[in-house]
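Predicted model, so just to flag it, every value in this text is computed and none were measured. Hydrogens, waters and symmetry mates play no part in the numbers below; they use all other heavy atoms, side chains included.
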Amino acid sequence: MAEEPRKKDFWDKIAIVLHPLGGLLTAFAVAFVGMKGSQLLERRQSVDTNARLYSELMSRREEAESSLRKDMFVSIIASFLEPKGDDLSAKVLNLELLAYNFHDSLNLKPLFLEMQRRLRKSADPERGDYLQRINRVAREINAKQLFALEGHGKSFRRSVDFEELAAAGAGGIALEPETVTVRRQTTEVGLRVLKVDLEQQQLTVRMKVTAPDGREEVPESRASFTVGFYDFPVIDNTRLPSGTRCAVTLANFSPVAADITAVCFPGE
């Protein structure tokens, strides 16, 4: 006797309806994932392309700036080497351009001293203004470099009385020492002013760096040098055995006294 076919219940009907719908949903999900994956890939490629273009643009910009700085440097230096160049105004302007653009990579003291010598020998009625200009440039650069170094190290200031210095004789006068800590390295920096050159506005200074309280972990260092407005601390400094560097700059100068600033900073 044949079995009667089983009547389809509610769930069987639901399965019949959902079966084609499941395939449709699967196809939709695959298409959606493919579309999102394609968009993500395009976005990644766009980001990579933009980053590559930015890198190329920055590289070309740096090359252009380097080329411009090179051409500027060659042109300015050539003007100083001309044997018959007597245009003081142009030379002062070139020195200003050179100082403002290359003060952190060149020792410009010889050029400043040579320009000072030429101006003092010149009969140009504006030589006083030219001297003020180069001195102002030197002070601005000194202040800019000192500010940058103070962000990484420690500085202190001292004053020198010329009457007291003259009374002290050849031994000079010792200024109050300062204990300085740079990168966990503590040293005591002492300065002794030996003589003053009023015409050149320079001081002869002897610096002594020792470990505080007589400890021996820091080797003793001594150095003697002249300090004027044309000595820039980033270039003209003394390297200590501990790796620290110290520089002394001239902050102010008058016929009766001078102010100096010493800064110690990491060697790198």
Side-chain angles (χ1 to χ4, degrees), residues 69 95-113 132-161 165 172-194 196 200-213 215 217-254 257-268:
R69 286 173 61 85
L95 182 57
E96 290 174 330
L97 290 172
L98 192 66
Y100 282 128
N101 288 280
F102 300 96
H103 64 83
D104 55 352
S105 55
L106 291 175
N107 186 354
L108 298 174
K109 182 177 181 179
L111 287 180
F112 273 96
L113 290 177
Q132 289 183 3
R133 281 173 58 181
I134 66 172
N135 287 337
R136 181 171 63 250
V137 171
R139 292 189 184 194
E140 289 179 3
I141 292 174
N142 255 316
K144 183 184 298 184
Q145 292 190 0
L146 189 61
F147 179 77
L149 294 176
E150 286 175 332
H152 301 279
K154 178 70 180 298
S155 66
F156 61 93
R157 292 165 172 77
R158 297 291 184 267
S159 296
V160 183
D161 184 277
L165 179 61
I173 56 174
L175 306 180
E176 181 182 357
E178 181 82 7
T179 300
V180 175
T181 300
V182 178
R183 295 281 178 87
R184 299 182 180 179
Q185 183 73 58
T186 301
T187 56
E188 185 177 86
V189 181
L191 301 175
R192 178 178 290 272
V193 181
L194 302 178
V196 58
Q200 295 291 332
Q201 295 187 338
Q202 292 183 343
L203 300 174
T204 301
V205 178
R206 179 184 299 154
M207 180 172 62
K208 179 180 178 182
V209 181
T210 59
D213 303 326
R215 297 195 296 269
E217 66 269 20
V218 178
E220 181 178 305
S221 301
R222 296 173 182 263
S224 297
F225 43 83
T226 59
V227 179
F229 287 119
Y230 308 145
D231 295 287
F232 306 118
V234 167
I235 301 296
D236 193 353
N237 53 66
T238 300
R239 186 178 182 88
L240 306 180
S242 61
T244 303
R245 291 181 180 270
C246 289
V248 180
T249 65
L250 185 63
N252 293 294
F253 192 97
S254 73
D259 296 325
I260 58 177
T261 301
V263 59
C264 296
F265 52 94
E268 66 273 15

Partners meeting salt bridge (Lys or Arg N to Asp or Glu O under 4.0 Å) with [X] (sequence neighbours left out):
{"X": "Lys109", "value": "Asp231"}
{"X": "Arg192", "value": "none"}
{"X": "Arg222", "value": "Glu220"}

Heavy-atom check, side chain of Val189 versus side chain of Phe156, under 4.5 Å:
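A side-chain contact exists here, since the closest heavy-atom pair is under 4.5 Å.
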
Do Asp259 and Ser159 have side-chain N/O donor and acceptor atoms under 3.5 Å apart?
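Yes - a donor-acceptor pair under 3.5 Å links their side chains.
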
With distance as the sole test, does [X] use its side chain to make a donor-acceptor pair with the main-chain N or O of [Y] at under 3.5 Å?
{"X": "Arg245", "Y": "Cys264", "result": "no"}
{"X": "Asp236", "Y": "Asn107", "result": "no"}
{"X": "Asn101", "Y": "Leu97", "result": "yes"}
{"X": "Gln200", "Y": "Leu113", "result": "no"}

At what distance, to the nearest 0.5 angstrom, does [atom1] of [X] lie from [atom2] of [Y]?
{"X": "Thr261", "Y": "Leu250", "atom1": "OG1", "atom2": "CG", "result": "8.5 Å"}
{"X": "Gln145", "Y": "Phe265", "atom1": "CD", "atom2": "CZ", "result": "9.0 Å"}
{"X": "Ile260", "Y": "Leu175", "atom1": "CD1", "atom2": "CG", "result": "5.0 Å"}
{"X": "Thr226", "Y": "Leu203", "atom1": "OG1", "atom2": "CG", "result": "9.0 Å"}
{"X": "Ile235", "Y": "Ile141", "atom1": "CD1", "atom2": "CD1", "result": "11.0 Å"}

Relative to each other, are the rings of Phe112 and Tyr230 parallel, tilted or perpendicular (30° and 60° limits)?
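Plane angle under 30°, so parallel.
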
Walk me through it: do Thr186 and Val180 pass the test side chain to side chain contact (heavy atoms under 4.5 Å, CB included)?
CA-CA 6 Å; Thr186 301; Val180 175; over 6 Å; no

CA sep, side-chain torsions, deciding dist, call: Val263, Leu146, side chain to side chain contact (heavy atoms under 4.5 Å, CB included)
CA-CA 8 Å; Val263 59; Leu146 189 61; 3.7 Å; yes

Would you call Lys208 and Glu188 a salt bridge, using N to O less than 4.0 angstrom?
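Answer for the salt bridge query: no.
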
Whether Arg157 and Glu150 form a salt bridge (side-chain N of Lys/Arg under 4.0 Å from carboxylate O of Asp/Glu) is what I want to check.
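Salt bridge flag = yes for Arg157 with Glu150.
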
